[in-house]
Amino acid sequence: MSVPGDDPLVIADRSFRSRLILGTGGAASIEQIAQAAEACGAELATVAMRRADTASRGSVLDALATHGIDVLPNTAGCYTAREAALVARLARDALETTWIKLEVIGDERTLLPDPVELLAAAEELVADGFVVLPYASDDPVLARRLEQAGCAAVMPLGSPIGSGLGIRNPHNIALIVENAGVPVILDAGVGTASDACTAMELGCDGVLVASAITRAHSPARMARAIATAVAAGRDARLAGRIPRRFHAVASSPDEGRVPPAGLPFS
Amino acid sequence: MTVVSAFVNGTPVTLGAGTTVDDLLASTGHRPTGIAVAINREVVPRSRWSRTCVVDDDQVEIVTAVPGG
């Protein structure tokens, strides 16, 4: 069912019907990635760049191509702007895309972004013609700086990668959304469908989900659940929620009630 | 010198002098699509694979896309 106001997600010069970006990391097999991709209708999916092994069987690229899903390479595993820029350029040459999910990690245990290196890498890659989608801290000031650097979107984390802790600072996500002139994609931390729904209710333009889908007991089922939640959250955001009130507000009319026992009918 | 000692994805290799990136990929069985090559941390664009020779001590990286992120 289509409702007036339905609109695509537009990043740079491309538009997407699906507001869910699938992260392919963590799956037990290429087949599971394919099943999840089909179940959630994602049009864009992330991949990492690693040393090629001619002995490896089954390619994630083939699986995504079969389902008509475009690849969004990332720079996962990079700890400096220099490393990330090299991986981005390798991805551009390998995959013939200028799009890059830019990750520059600053801490091994939490995998939190290094904002200083991230901004430096973003500036360098934007200048080199990349469409940069940076994985960032949930910091409204950093988000603004990344946008000013020319990033095509900002991707604040809900909580650490793979933690499934959901959105730890919803207020910051709302502040990022309020200030952003580019799409805001919540990236990292989604544990289950309700987290993705919350991100969209907070005003995010999309959600990127990997582990919550790929490491679920049934990846395909969770993929569908999260895609439905993303759509529900988007609708709820556009519909405009009612204000929160401390006390009740009756929804049924007062008028015409049957009088309580002991009062005369009138 | 008739041989070249280099590293391919971290492994020491001995190649014939004049081995190009194209030759290297063919001899190691890599499909030419979906991969990229860097030598000494600089990307060698695929348009230059046929005329870029691997020389002594080069660190060649051949990368591809894997599930991730």
Side-chain angles (χ1 to χ4, degrees), chain A residues 21-30 32-33 36 45-56 58-65 71-77 82-83 85-97 101-103 133 135 155 161-162 187-188 208-211 214, chain B:
Chain A
I21 301 173
L22 179 65
T24 62
S29 67
I30 298 290
Q32 283 200 341
I33 294 170
T46 63
V47 292
M49 303 304 296
R50 292 292 181 270
R51 283 173 167 173
D53 176 5
T54 49
S56 70
S59 156
V60 66
L61 293 177
D62 293 341
L64 295 176
V71 289
L72 174 61
N74 68 26
T75 61
R82 192 160 171 248
E83 282 176 80
L86 172 61
V87 172
R89 291 182 176 119
L90 284 166
R92 178 172 61 183
D93 207 53
L95 307 177
E96 292 169 0
T97 176
K101 178 191 162 184
L102 182 61
E103 284 185 52
L133 289 70
Y135 163 64
M155 305 210 295
I161 293 170
D187 185 3
L208 194 158
V209 182
S211 303
T214 58
Chain B
M1 203 156 64
T2 57
V3 296
V4 165
S5 297
F7 294 86
V8 176
N9 284 352
T11 303
V13 295
T14 303
L15 306 168
T19 298
T20 65
V21 171
D22 260 346
D23 298 335
L24 178 64
L25 294 175
S27 68
T28 48
H30 287 98
R31 283 197 302 178
T33 57
I35 63 170
V37 176
I39 296 182
N40 303 329
R41 309 194 69 76
E42 290 288 335
V43 177
V44 181
R46 60 180 60 236
S47 58
R48 286 193 227 141
W49 286 356
S50 62
R51 51 198 164 93
T52 300
C53 293
V54 180
V55 300
D56 260 337
D57 299 326
D58 269 356
Q59 298 198 21
V60 183
E61 296 289 341
I62 305 169
V63 302
T64 191
V66 299

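Reckoned from all heavy atoms, side chains included, excluding hydrogens, waters and symmetry mates. Labels below follow one simple rule: chain letters A, B, ... track the order of the sequence lines, proteins then strands, and each chain is numbered from 1.
Residue A:I161 does not touch chain B at all, counting heavy-atom pairs closer than 4.5 Å. Using a 4.5 Å cut-off between heavy atoms, B:T28 contacts chain A through its backbone alone, with no side-chain atom that close. In this structure, the portion of A:V60 lying under 4.5 Å from any heavy atom of chain B is its side chain and not its backbone. Both the backbone and the side chain of A:A48 come within less than 4.5 Å of a heavy atom of chain B. Proximity to chain B (any heavy atom under 4.5 Å) is restricted, for A:I33, to the side chain, taken from C-beta onward. Contacts between A:L61 and chain B at a heavy-atom distance below 4.5 Å involve the side chain alone, from C-beta outward.
Of the possible polar contacts, one joining the A:R51 side chain to the B:N9 backbone as a donor-acceptor pair under 3.5 Å is found. Using modelled atom types, no side-chain atom of A:D93 and backbone atom of B:V37 make a donor-acceptor pair closer than 3.5 Å.
The CZ atom of B:R46 sits 6.0 Å away from atom CD of A:E96, with the distance rounded to the nearest 0.5 Å. If you take CG on A:D53 and NE2 on B:H30, they are separated by 7.5 Å, rounding to the nearest 0.5 Å.
A search for side-chain contact (heavy atoms from CB on, under 4.5 Å) contacts involving B:T52 returns B:V21, B:I39, B:V44, B:R48, not counting sequence neighbours.
When all heavy atoms of B:R41 and A:L86 are compared, the closest pair comes out as O-CD1, 3.4 Å. The nearest pair of heavy atoms linking B:G69 to A:L208 is O-CD2, 3.5 Å. When all heavy atoms are compared, the tightest approach of A:V47 to B:A65 is CG2-CB, 3.8 Å.
For the options B:A36, B:S47, B:P45, heavy-atom pairs under 4.5 Å to chain A are most numerous at B:A36. Annotation: maximal heavy-atom pairing with chain B below 4.5 Å, among A:A94, A:S211, A:G162, occurs at A:A94.
Paired with B:P67 under the rule side-chain contact (heavy atoms from CB on, under 4.5 Å), one option of A:I30, A:T214, A:T46, A:L64 passes, and it is A:I30.
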